[in-house]
Protein chains: 2
Amino acid sequence: MAREHPNVLCTVDVVLLTLRDGDLQVLLHRRAAEPFAGALALPGGYIHAQADLDAADAAARVLRDKAGVRSPYLEQLATFSGAARDPRGWSVSIAYVALVPEAALPPPAEAATWKPVERLPALPFDHRQIVDHAVARVRAKAQYSSLPVHLCGERFTLPQLQAAYEAVLGEPVNKVSFRRKIDELGIVEPIDGAFTAGGAHRPAQLYRLRKAFRHVLSTSGRGLNSGA
Amino acid sequence: MAREHPNVLCTVDVVLLTLRDGDLQVLLHRRAAEPFAGALALPGGYIHAQADLDAADAAARVLRDKAGVRSPYLEQLATFSGAARDPRGWSVSIAYVALVPEAALPPPAEAATWKPVERLPALPFDHRQIVDHAVARVRAKAQYSSLPVHLCGERFTLPQLQAAYEAVLGEPVNKVSFRRKIDELGIVEPIDGAFTAGGAHRPAQLYRLRKAFRHVLSTSGRGLNSGA
DNA sequence: GTAATAGTGTCTTTCAGACACTATCCT
DNA sequence: AGGATAGTGTCTGAAAGACACTATTAC
């Protein structure tokens with residue numbers, strides 16, 4: 001039975017997003033192999049049935065191997081499929097979105113580049129569509145959930161977190177409303193006695209994610225992110 | 001290259017939902033083949049690379065063949081994968097949610113049964129998880145979009161539409177707020193001069209979906225459904 | 001002191017739910 | 001007339017944004 005339908009290529013692709021220079025940026029990887037060898041594309045690869053527990057595991061492996069990133073926020077985005085999207089044949093790509101703070105990134109590998117999602121180069125396959133889909137998802141979830149915290153480091157101030165929301169949403173947000181919202185979401189807590197220092201101004205309270213919200217590996221969609 | 005990773009089973013499964021007796025119900029299909037022959041499960045099947053354009057097309061084919069349903073509202077749900085979910089081996093199931101009005105259903109085939117999503121029998125594979133995921137998705141989208149209109153027929157009254165929302169959400173909704181919301185969503189229009197008749201009470205205005213919102217075949221996630 | 005950013009108190013506007021009323025059919 | 005459901009006008013309370021104020025640092 002299983003041998004009757006072997007001719008579908010099963011892959012994962014990952015849209016890894018971070019905040020650089022105030023922009024939401026995506027990691028692109030220069031393809032070594034055909035098709036589209038030499039072109040910038042999303043990091044991705046075949047599912048390894050022998051090694052991967054499931055598709056999320058495969059996506060995590062791709063992130064480790066191609067971006068040097070471990071245990072980021074990882075969420076299933078959607079699956080792109082069909083006869084036309086890959087010249088090698090009928091293919092399935094299970095796409096994931098991953099968020100990492102810039103500080104958690106390793107020194108950039110030579111085959112990899114960051115590009116702002118608003119100024120993307122031409123991408124092979126349907127990768128442009130996948131990135132757009134990812135950005136739309138992250139934007140939508142920023143409206144009602146705490147998703148953008150995963151773009152901040154382990155310790156962050158509320159103004160930094162607000163800047164992360166603003167970068168994702170692409171527009172300024174009201175400070176008072178923002179703090180009210182973060183407060184009711186209840187997903188961050190002040191670090192006792194920890195403040196920023198150095199600026200010629202009042203120091204800011206440092207916060208961290210509450211324990212229950214660290215290491216999120218949601219299967220997909222609306223997860224545990226204390227949505228409204 | 002393609003021949004190196006052939007051992008992943010590619011399938012689609014469909015959670016077909018409708019409104020029966022005031023309940024949200026899901027179509028279950030009695031399996032003819034092993035594994036789990038004779039058990040009730042979600043309608044699904046292998047992707048046919050020769051015949052299907054993409055996974056959504058495969059899902060539509062499954063719905064035609066196993067439920068006799070044509071061109072319903074069809075939306076990608078999520079993809080379930082891994083070594084453990086199917087005894088035949090490492091598998092990928094691209095799951096879809098479909099909504100149909102009860103009136104658009106053909107006479108029930110003998111291998112198929114409807115079950116309320118709140119009183120499901122035991123299901124094989126991870127189908128229980130898939131159904132729960134689908135119900136959660138439909139509930140979430142009912143909060144801010146016009147999704148439940150696809151459970152109503154071609155012509156419907158606002159009280160009927162409200163009942164559809166209430167069945168999906170599992171709780172009563174405020175009549176005034178409901179009508180305000182439907183009005184701002186702007187996705188339905190009154191049918192000029194068409195009213196219900198027969199009851200011992202005031203007739204209700206009949207509505208229909210606006211042209212732009214018919215035949216939705218969203219790839220996934222938050223689509224064209226005029227979300228808020 | 002001033003400049004700069006952090007953090008809060010409060011007013012106003014906007015929106016959702018509650019309630020009550022009117023409208024229109026049938027018997 | 002009276003019962004039943006459809007549809008609307010309006011009040012009220014909650015939540016979101018605007019604005020202005022206080023707080024704490026460096027110089």
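Naming convention: chains lettered A, B, ... in sequence-line order (proteins, then strands); numbering from 1 in each chain.
Rounding to whole angstrom units, CG of residue A:D183 and P of D:dA16 are separated by 12 Å. One interatomic measurement links the two molecules: NZ of B:K181 to P of C:dC15, which rounds to 9 Å at whole-angstrom precision. When the P atom of D:dG17 is taken as reference, atom CD1 of A:I182 falls 13 Å away, rounded to whole Å. Rounded to a whole Å, the CD atom of A:Q160 is 13 Å from the P atom of C:dT5.
Put simply, the side chain of B:N174 gets close to the backbone of B:S177: a donor and an acceptor are under 3.5 Å apart. In this structure, B:R208 contributes its side chain and B:I191 its backbone to no donor-acceptor pair below 3.5 Å. The main-chain N or O of A:P203 is never found under 3.5 Å from a side-chain atom of A:T196 such that the two would form a donor-acceptor pair. No donor-acceptor pair closer than 3.5 Å links the side chain of A:R31 to the backbone N or O of A:P124.
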### Worked check of side-chain contact (heavy atoms from CB on, under 4.5 Å) between B:R128 and B:L120
CA-CA 8 Å; B:R128 174 58 186 267; B:L120 289 177; 3.7 Å; yes
So which protein N/O to nucleotides 7-11 of chain C N/O distances come out below 3.5 Å?
| from | atom 1 | to | atom 2 | distance (Å) |
| --- | --- | --- | --- | --- |
| C:dG7 | OP1 | A:Q205 | N | 2.7 |
| C:dG7 | OP2 | A:R179 | NH2 | 3.1 |
| C:dG7 | N7 | A:K175 | NZ | 2.6 |
| C:dG7 | O6 | A:K175 | NZ | 3.3 |

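By the 6.0 Å contact criterion, CD on B:E154 is open, its count of non-hydrogen atoms from other residues, nucleotides or ligands being 12 or less.
Here the side chains of B:L161 and B:F178 are in contact, with some heavy-atom distance below 4.5 Å.
Only at 4.0 angstrom or more do the heavy atoms of residues 161-174 of chain B sit from any atom of DNA chain D, so none qualifies.
There is no side-chain donor-acceptor pair under 3.5 Å between B:Q205 and B:Y207.
Comparing C:dA4, D:dA16, D:dA26 against the side chain of A:H201 picks out C:dA4 as the nearest.
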